[in-house]
Amino acid sequence: MSNDRKPFIGQTAKAVLITSVAVALMLPGGLASAAASTSNTAVQEAPAKAAQTNAETPDPAEAKITQEQAVAKLKALFPVLKDATVSNTQLGSGNSYPMNPDQLVWNIQWEFRTGSTSYGFSSEVDAMTGDLISTYLYSPFVGQTDNFYPPKVLRSEALEKAKSFVSQAAPTLKSSDLQLDENITMNDSALFGPVQYSFYFNILVNGLPSSSDSVRVTVDGSGNVIQFSKSASGLKYPSAKPAVTKEQAEKQFKESFDVALYYTPVYKKNQVDSWVLSWRPQNEVLYPIDAQTGKRVDYEGIDAAPAVYEAVPAGKEVFQPVTSGRELTVDEAVKQVKKVATIPANRKLVWQTLGSNYQNSKQKVWSLAWSDTSEAGYAGMPQRTYAEVNATTGEVLQFQIDQYSYMAESSRQDTAAPPAGSKKLSQAEAKQQALSLINRLYDQASSSLKLAEHGGTWSVLPNDKGFRFEFLRYFDGIPVSESTITVTLDLYGKLQSYSNYNAANFSKITKQPAPVITKAEALQKYLNLYTLKLQYSTMGGYFSTSSGVYTDPKVKLVYSPALVDTSKPYEALNAQTGNWFTIYDYNLSGQRPAAASAVDIKGHAAEQQLTELLKYGVITPDAEGKVGPDQVITVGDWLNYIAKASTPYYEQYSASEENKAVAGVSPDSAYFGAVNYAVSRSWLNRDAVVKPEDSLTREQLAVLLASFLKYSKLAAFLNNDTTVSSFSDSASITNKGAVALVVRLGLLQGENGKFNPQQQVTKAQAAAVIMKLVELQGKTDTAIGQQYM
């Protein structure tokens with residue numbers, strides 16, 4: 001999926017457990033610093049800190065494990081490396097984050113040659129302990145022809161192999177130090193493609209799980225370990241003895257838990273499809289509770305006080321949308337930015353592109369970047385100012401005075417100089433400046449937004465860097481989830497950053513009737529979802545692009561809210577029906593949902609095939625638990641099935657930014673995603689005219705199978721094959737070569753001497769064909785489905 005906004009977002013902190021992410025997503029949507037890695041405030045890793053660690057070249061004499069010993073260990077752990085050569089070795093710090101200052105690491109580069117093609121990858125070994133830190137065996141070491149469905153080892157057997165491998169790879173770890181996280185099954189294989197099982201272990205410290213230290217192992221379907229990574233932060237861990245008992249923490253959690261009404265977006269195909277009036281947890285109630293102080297702490301480790309929302313007074317100057325009826329030119333977009341922000345004098349416009357807002361493909365956005373083009377500016381990554389502008393209205397959506405905040409941290413001469421005649425602002429004066437700016441930045445700010453006041457000195461950035469402010473959008477007096485807006489000022493009131501990142505399609509919000517479900521009912525439903533777990537949690541350790549400030553990582557002993565049932569972590573409570581509804585139509589964590597079951601396939605001739613498709617999420621039962629095995633499917637249904645069998649969450653990668661028809665199918669079609677994905681994988685010709693709503697016939701299925709297998713040219717060669725001419729109804733078959741191909745491959749068969757080309761295909765018949773394709777893997781010259789690895 002292409003993303004025009006990617007330059008702004010940066011990378012998220014690696015050290016957040018996916019289970020914590022699932023809990024954070026239950027929050028109203030980016031309020032305060034709800035979860036640094038998932039909130040609307042983007043965060044970036046801190047290579048500046050890493051550079052400090054790598055500043056001095058380590059002395060190999062300090063290593064207790066020699067380079068030769070490290071290489072020998074890797075070859076012993078991974079016998080396939082016997083055919084690879086070491087192209088380079090380097091002694092330094094590891095790539096884990098946060099950095100472990102006490103860790104000395106051998107970084108070993110591997111190369112494997114086959115003919116004129118070479119493959120390269122790297123491994124890391126702790127030079128002090130001999131523990132394997134990371135390696136990933138890339139092609140040609142994975143995807144062998146004998147590693148497809150059905151796998152030689154089951155998941156339970158692969159788990160035992162993973163545990164055994166950990167003890168060999170990292171002997172400093174005891175088996176009792178590992179806790180398998182059952183809720184994380186990242187990157188498990190799709191139905192098409194090599195079988196893989198991934199296991200995520202928390203490393204217990206003082207008997208408790210940690211969000212920083214973990215082990216991940218991936219085992220293929222033959223029982224071979226193909227990936228290993230072990231993170232170790234090197235951070236100081238406090239005592240595991242809490243001053244606050246679990247009973248006290250639970251009492252506080254329940255007594256202070258609160259819910260509120262929000263308009264919540266429902267995402268389909270990576271776009272906001274609709275808005276639902278829902279009850280959601282209020283503010284900071286899902287933050288962890290410090291086990292020593294009993295106070296809630298945010299993800300920077302700061303005490304989280306309840307926010308108070310204040311009205312935004314109308315300013316003397318307010319944003320005026322452009323009404324020309326045409327898209328802005330780049331010069332006009334630049335002018336809009338300069339109305340509200342000052343671009344450093346030494347930076348020139350070096351990058352400009354007009355693209356689609358990925359959250360609203362119908363909205364065009366100018367992405368702009370100014371950089372220091374002088375030779376001095378290229379000492380490392382050049383300092384850069386970045387902005388995004390709505391190309392229709394002229395509204396500034398994003399702004400960063402220093403896009404790479406971590407690079408500018410030690411060198412801010414061009415941005416730190418105060419304006420002539422300016423004075424440092426007090427916290428109260430900065431607040432007034434922020435209110436003035438938000439009126440000039442945001443359309444109808446006074447009637448649409450409220451200021452989130454966190455109390456105390458929350459708005460004052462650490463180390464005298466400036467001020468930060470948060471605003472929340474409201475509709476009809478009710479807050480809107482996923483719509484936090486942040487403003488950061490320097491000490492003199494100059495705009496440093498502005499983030500209106502979640503510029504979703506708010507026009508789809510409509511006024512809803514008064515809620516049927518009471519607040520008390522909603523509160524109890526939510527409380528039943530959570531339990532508190534005592535664990536270590538790492539706070540900070542990232543640069544926030546909303547503040548431009550790096551927060552040092554630190555470990556706290558906390559009681560973290562955890563979902564009792566993590567099978568449906570991305571839900572909210574409908575205020576009208578009292579039912580839970582899914583916010584996302586895809587799984588953010590990569591965790592495959594529990595296999596669904598169907599009530600209408602027991603005893604069916606295709607029960608086994610349908611069960612496998614249910615297990616892998618290729619088909620799903622309806623609200624009554626039925627799949628309708630004998631229902632006729634459409635062309636679009638078939639394309640959706642093979643797309644899901646290849647990449648379960650393919651719609652995340654198949655959005656059309658151009659918002660144009662593909663293969664004659666409109667973006668408004670329910671089948672557009674499947675057709676677009678099929679075209680992107682060359683299963684369909686872009687110039688073809690597809691009618692996805694039409695019922696699928698056996699002859700059409702034969703043609704689609706030949707294209708899917710990349711055998712269309714071979715099929716044309718088989719036009720006169722006796723396989724087809726032997727059918728008594730061969731005269732009614734138009735695409736004889738495709739039919740001959742699929743019959744020869746055993747994917748379709750004749751019946752009573754006929755092929756029945758116009759007979760419609762049922763769901764059960766489609767399931768049987770898909771499972772035959774699965775069994776055909778490793779026996780064809782092309783990879784079936786060409787699954788992304």
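Heavy atoms only: backbone and side chains are in, while hydrogens, waters and symmetry mates are out. Throughout, numbering of the chain's residues begins at 1 and tracks the sequence. Everything quoted here is computed from the prediction, not taken from an experiment.
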K246/L534 under side chain to side chain contact (heavy atoms under 4.5 Å, CB included): CA gap, chis, key distance, verdict: CA-CA 8 Å; K246 185 176 182 180; L534 184 65; over 6 Å; no
Got a donor-acceptor contact below 3.5 angstrom from the [X] side chain to the [Y] backbone?
| X | Y | answer |
| --- | --- | --- |
| S231 | S212 | yes |
| E160 | E157 | no |
| Y530 | F253 | no |
| K556 | P238 | no |
| Q400 | S497 | no |
| Q67 | Q90 | no |
| R155 | S198 | yes |
| S371 | Q383 | yes |
| Y197 | V153 | yes |
| Y149 | V195 | no |

Specify the closest pair of heavy atoms between [X] and [Y], including all atoms of both residues, with the distance to one decimal.
| X | Y | value |
| --- | --- | --- |
| I65 | T129 | CG1-C, 4.2 Å |
| L104 | P58 | CD1-CB, 3.5 Å |
| V219 | A158 | CG2-O, 3.9 Å |
| Q179 | P209 | OE1-CB, 3.7 Å |
| T780 | T782 | OG1-O, 2.6 Å |
| K73 | G130 | NZ-O, 2.6 Å |

Just so I know, are the side chains of [X] and [Y] near enough to count as touching, which here means a heavy-atom distance under 4.5 Å?
| X | Y | answer |
| --- | --- | --- |
| P194 | F148 | yes |
| F228 | F165 | yes |
| S239 | N206 | no |
| S123 | F78 | no |
| P288 | M539 | yes |
| R468 | T486 | no |
| L137 | L81 | yes |
| L178 | L204 | no |

[atom2] on [Y] to [atom1] on [X], rounded to 0.5 Å:
| X | Y | atom1 | atom2 | value |
| --- | --- | --- | --- | --- |
| W110 | F112 | CH2 | CZ | 12.5 Å |
| T385 | I401 | OG1 | CD1 | 4.5 Å |
| Y386 | D402 | OH | CG | 15.0 Å |
| N224 | Q196 | CG | CD | 11.5 Å |
| Y119 | E111 | OH | CD | 12.0 Å |
| I108 | E124 | CD1 | CD | 9.5 Å |

Quick check on D781: does its CG atom have over 12 non-hydrogen neighbours (other residues, nucleotides or ligands) under 6.0 Å away? no
Ring pair (Phe, Tyr, Trp, His ring centres under 6.0 Å) contacts in which one or both residues fall within residues 203-227, not counting sequence neighbours: none
Evaluate the criterion side chain to side chain contact (heavy atoms under 4.5 Å, CB included) for residue pair V297 and I302; output intermediate values, then yes/no. CA-CA 5 Å; V297 289; I302 301 173; over 6 Å; no
Would you check, one step at a time, whether the test side chain to side chain contact (heavy atoms under 4.5 Å, CB included) holds for K163 with F199? CA-CA 9 Å; K163 291 178 179 178; F199 304 100; over 6 Å; no
Between L173 and K230, does a side chain to side chain contact (heavy atoms under 4.5 Å, CB included) hold up when you go through it step by step? CA-CA 10 Å; L173 291 178; K230 171 179 173 284; 3.9 Å; yes
Against I289, only a single residue in K295, R296, E250 fulfils side-chain contact (heavy atoms from CB on, under 4.5 Å); can you say which? R296
Distance-only polar pair, side chains of Y536 and D213, donor-acceptor under 3.5 Å: no
